[in-house]
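Taking it in order: structure first as structure tokens, then the write-up.
The shown structure was predicted, so the numbers you read here are calculated from the model rather than taken from an experiment. Convention: sequence-line order gives letters A, B, ...; per-chain numbering from 1.
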Amino acid sequence: MNEAIIFWFRQDLRLKDNPGLDAAIASGKALIPVYILDDESPSQWRLGQASRWWLHHSLSALNKELKQHYGTELILRRGSAKTLLPKLCDETGADAVFCSRQYEPWAAALEQDLHHLFQYRAISFKRFAGSLLFEPGSILTQAGGPFKVFTAFWRRCRSGPEPALPLGLPKAPQSLRTGLASDTLTDWQLLPDSPNWAAGWETLWQPGAEGAAQRLQQFLNAAIDDYQDARDIPAQVGTSLLSAHLSFGEISPRMVWHATKAKVAQEHSLLEQSNKFLSELAWREFSHHLLHFFPQLPQEPFKAQFAHFPWESNPTALQAWQQGQTGYPMVDAGMRELWQSGYMHNRLRMIVASFLTKHLRLHWRLGERWFWDCLVDANLANNASGWQWVAGSGADASPYFRIFNPTTQGEKFDPQGDYIRRWVPELAGLPNKYLHQPSKAPAKVLEQAGLVLGENYPLPIVEHSSAREQALSAYAVARESFNL
DNA sequence: CAGACCTTGTC
DNA sequence: ACAAGGTCT
């Protein structure tokens, strides 16, 4: 029997540009590709429902590629990785386990545990970088610490060497190990059962490396032309829509980086637009570095001043927000897009988060948790840093007193109301003039639109200017008590 | 240590 | 005009 090596797929569900997989194959040992559904190690941050839908389809796609290119199948196991990986080594005689690194605190701790455990058993356990452009620790201030400000971080990223060119598809392994027991994807019940909350998502998303590559090509062929402006208009396809693909590692950030650079080399006029896009990719890096250096980021405010902020408790308001029934059309459209599609446009993420944390003064962690469950691109680093950024408690955050006006935001970024009409169809009959504030519409206009406020669309659950004043004074109180 | 600088807004 | 203060060189 040949020596065998396990490649443990994690958040790197791809064959191309996967350095750990490359190295595993290059070892010449019989390759055993494994995925473990581990709901124990992450504890409270195990995959949410929408991510599980995505995972199902992504694993199915990966399995297909493994079969097609290498004639082998993905071995699926469910349980704690710390238990299952050593067991798999016993079962197969594998003397090496390779994987890509992850940056969540629980994942880093798991990697440490495995390191010790395998060292003791004389099994070679190797982690490879592959999910980021720049490893945490490689981008530091002159004082040697982590950056807390994005712009300086990004400047430093660009001053060093470019990320390496991506690797291609690894050649076929010299040998494979077949006949191993595997769960089936159906066993795992990752898809929602009836009622099928994810109905129709297949038409919106194509999880897997192929879908990721197509999205990237579409973006580089079209939306990148006007990225800086169009990225803010949710009724348009103005963004790359790559977030979930990146989160599951179906495409690597350096594949995105270099494909973008190659496009600009062909079309120099895209330079400015593409730099904006690359800087968004760098925000993903920044978030991961922050999480690495501040592992409490998903739980604790980054700025200590917010530790005793007087958050409200209001289950009714929370539910109205979750269900897209706040009476603010733009907020409701965003929340319904999330529920119905597993995704929310970036502009809306800011608007609804500002509304939750400022107008309702509910804790950002409630929003973080809801997003975690509902987003197909849920990612611990991005989600935590995004919520803290809007709440004002984060690194390089939007100041607390910067309170989005949900009406103005709607008028500015959805002037024709296409986005609102798509997700809040009961408002579709309102003329644009009143679409963003139905409660200001004259009775006759409401009647013509078939609207009875409080019945088929809610009245605003809070009044904007008084909510704004209350938020500012809560902030003043918190700041004062902290300064004492 | 001084000085430049700081993703996304509102009234 | 306003809102506050921290980060980084």
Side-chain angles (χ1 to χ4, degrees), chain A residues 139-160 226-234 236 238-240 243 272-287 289-290 293-294 301-306 309 328 330-331 334 344-359 364 382 385-415 419 436-437 463-483:
Chain A
I139 304 291
L140 298 171
T141 66
Q142 285 195 342
F147 280 93
K148 296 170 180 170
V149 160
F150 174 76
T151 310
F153 171 83
W154 178 221
R155 204 175 291 131
R156 177 59 50 85
C157 290
R158 283 175 302 172
S159 73
D226 188 29
Y227 181 70
Q228 270 188 106
D229 293 322
R231 66 187 295 276
D232 263 330
I233 310 298
Q236 296 177 19
T239 63
S240 73
S243 54
E272 202 187 333
Q273 303 292 331
S274 75
N275 279 340
K276 180 66 183 168
F277 175 61
L278 293 180
S279 84
E280 295 301 323
L281 208 54
W283 269 93
R284 176 178 179 277
E285 301 284 312
F286 185 53
S287 300
H289 287 220
L290 280 174
F293 287 107
F294 306 97
F302 180 84
K303 288 184 184 167
Q305 299 93 300
F306 282 80
F309 190 83
Y328 284 92
M330 199 62 169
V331 174
M344 194 194 300
H345 188 278
N346 175 59
R347 169 61 45 184
L348 276 297
R349 296 190 196 201
M350 292 187 290
I351 296 171
V352 305
S354 175
F355 191 83
L356 184 81
T357 56
K358 298 178 184 181
H359 288 77
W364 56 267
N382 292 335
S385 64
W387 273 96
Q388 293 225 42
W389 184 85
V390 178
S393 65
D396 209 2
S398 170
Y400 188 85
F401 54 78
R402 183 171 294 168
I403 295 166
F404 284 61
N405 179 329
T407 306
T408 312
Q409 286 282 314
E411 288 164 351
K412 200 165 164 187
F413 297 108
D414 190 30
Y419 179 77
H436 299 285
Q437 35 190 351
E463 194 273 314
H464 169 69
S465 60
S466 63
R468 180 173 187 277
E469 290 310 314
Q470 286 175 53
L472 288 171
S473 62
Y475 177 57
V477 168
R479 210 177 58 219
E480 207 168 304
S481 69
F482 179 79
N483 287 337

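- The distance between atom CH2 of Trp389(A) and atom P of dC6(B), rounded to the nearest whole Å, is 15 Å.
- Nucleic acid contact class of Arg156(A) (heavy atoms, under 4.0 Å, all strands): sugar-phosphate only.
- Comparing dC8(C), dT8(B), dT9(C) against the side chain of Ala152(A) picks out dC8(C) as the nearest.
- When distances are taken from the side chain of Gln409(A) to each of dT10(B), dT8(B), dC8(C), the shortest belongs to dT10(B).
- Residues Gln388(A) and Phe306(A) fail the side-chain proximity criterion, which asks for heavy atoms closer than 4.5 Å.
- The shortest distance between the side-chain N/O atoms of Arg349(A) and the OP1/OP2 oxygens of dT8(B) is not below 4.0 Å.
- Of the side-chain N and O atoms in Gln142(A), none sit less than 4.0 angstrom from OP1 or OP2 of dT7(C).
- dT8(B) is unpaired under the Watson-Crick or G-U wobble criterion, no partner having all donor-acceptor distances under 3.5 Å.
- At a threshold of 4.0 Å, the pair Lys276(A)-Glu272(A) does not count as salt-bridged, since none of the basic side-chain nitrogens sits closer than that to a carboxylate oxygen.
- In this structure, His464(A) reaches the dC11(B) phosphate: one of its side-chain N or O atoms is under 4.0 Å from OP1 or OP2.
- With a cut-off of 3.5 Å on both pairing distances, dA3(C) has no Watson-Crick or G-U wobble partner at all.
- Using atom P as the reference point in both dG9(B) and dG6(C), the two lie 23 Å apart (nearest Å).
- In this structure, Phe286(A) has its ring center no closer than 6.0 Å to that of Trp154(A).
- Distance His436(A) NE2 to dT10(B) P: 13 Å, rounded to the nearest Å.
- In this structure, Ser385(A) and Trp389(A) have side chains that are not in contact, with every pair of non-hydrogen atoms separated by 4.5 Å or more.
- Only the C1' atoms considered, dT7(C) is 14 Å distant from dC1(B), to the nearest whole Å.
- A gap of 14 Å separates the C1' atoms of dC5(B) and dA4(C), to the nearest Å.
- Phosphate contact (OP1/OP2 of dG9(B), side-chain N/O of Lys412(A), threshold under 4.0 Å): present.
- Spacing between atom CZ of Phe150(A) and atom P of dC8(C) amounts to 13 Å, rounded to whole angstrom units.
- Among the protein residues, Arg468(A) comes within range of the sugar-phosphate backbone only, with heavy atoms under 4.0 Å from sugar or phosphate atoms but none that close to a base.
- Of the candidate nucleotides dG9(B), dT8(B), dG5(C), dG5(C) has the atom lying nearest to any side-chain atom of Arg479(A).
- To the nearest angstrom, C1' of dT9(C) lies 20 Å from CH2 of Trp154(A).
- Contact annotation: Arg402(A) side-chain N/O to dT8(B) OP1/OP2 distance is under 4.0 Å.
- OP1 or OP2 of dC11(B) has at least one side-chain nitrogen or oxygen of Asn405(A) nearer than 4.0 Å.
- Rounded to an integer number of Å, the gap from Phe153(A) CZ to dC6(B) C1' is 16 Å.
- Between the NZ atom of Lys148(A) and the P atom of dC8(C) there is a distance of 7 Å, rounded to whole Å.
- Nearest nucleotide to the Phe147(A) side chain, out of dT8(B), dC11(B), dC8(C): dC8(C).
- A distance of 7.0 Å separates CE of Met350(A) from CZ of Phe413(A), quoted to the nearest 0.5 Å.
- Here the P atom of nucleotide dA4(B) and the CG atom of Asp396(A) are 19 Å apart, to the nearest Å.
- Closest to the Thr408(A) side chain, of the nucleotides dC11(B), dC8(C), dT8(B), is dC11(B).
- A pairwise comparison of heavy atoms in Leu290(A) and Ala395(A) identifies CD1-CB, 3.7 Å as the closest pair.
- As judged by a 4.0 angstrom heavy-atom cut-off over every strand, Leu472(A) is placed among residues making no nucleic acid contact.
- Regarding Ile403(A), its CD1 atom lies at a distance of 18 Å from the P atom of dC2(C), rounded to whole Å.
- Counting heavy atoms of neighbouring residues, nucleotides and ligands inside a 6.0 Å radius, atom CD of Gln228(A) exceeds 12 of them.
- Nearest nucleotide to the Phe401(A) side chain, out of dC11(B), dC8(C), dA3(C): dA3(C).
- The C1' atoms of dC6(B) and dA3(C) are separated by 14 Å, rounded to the nearest whole Å.
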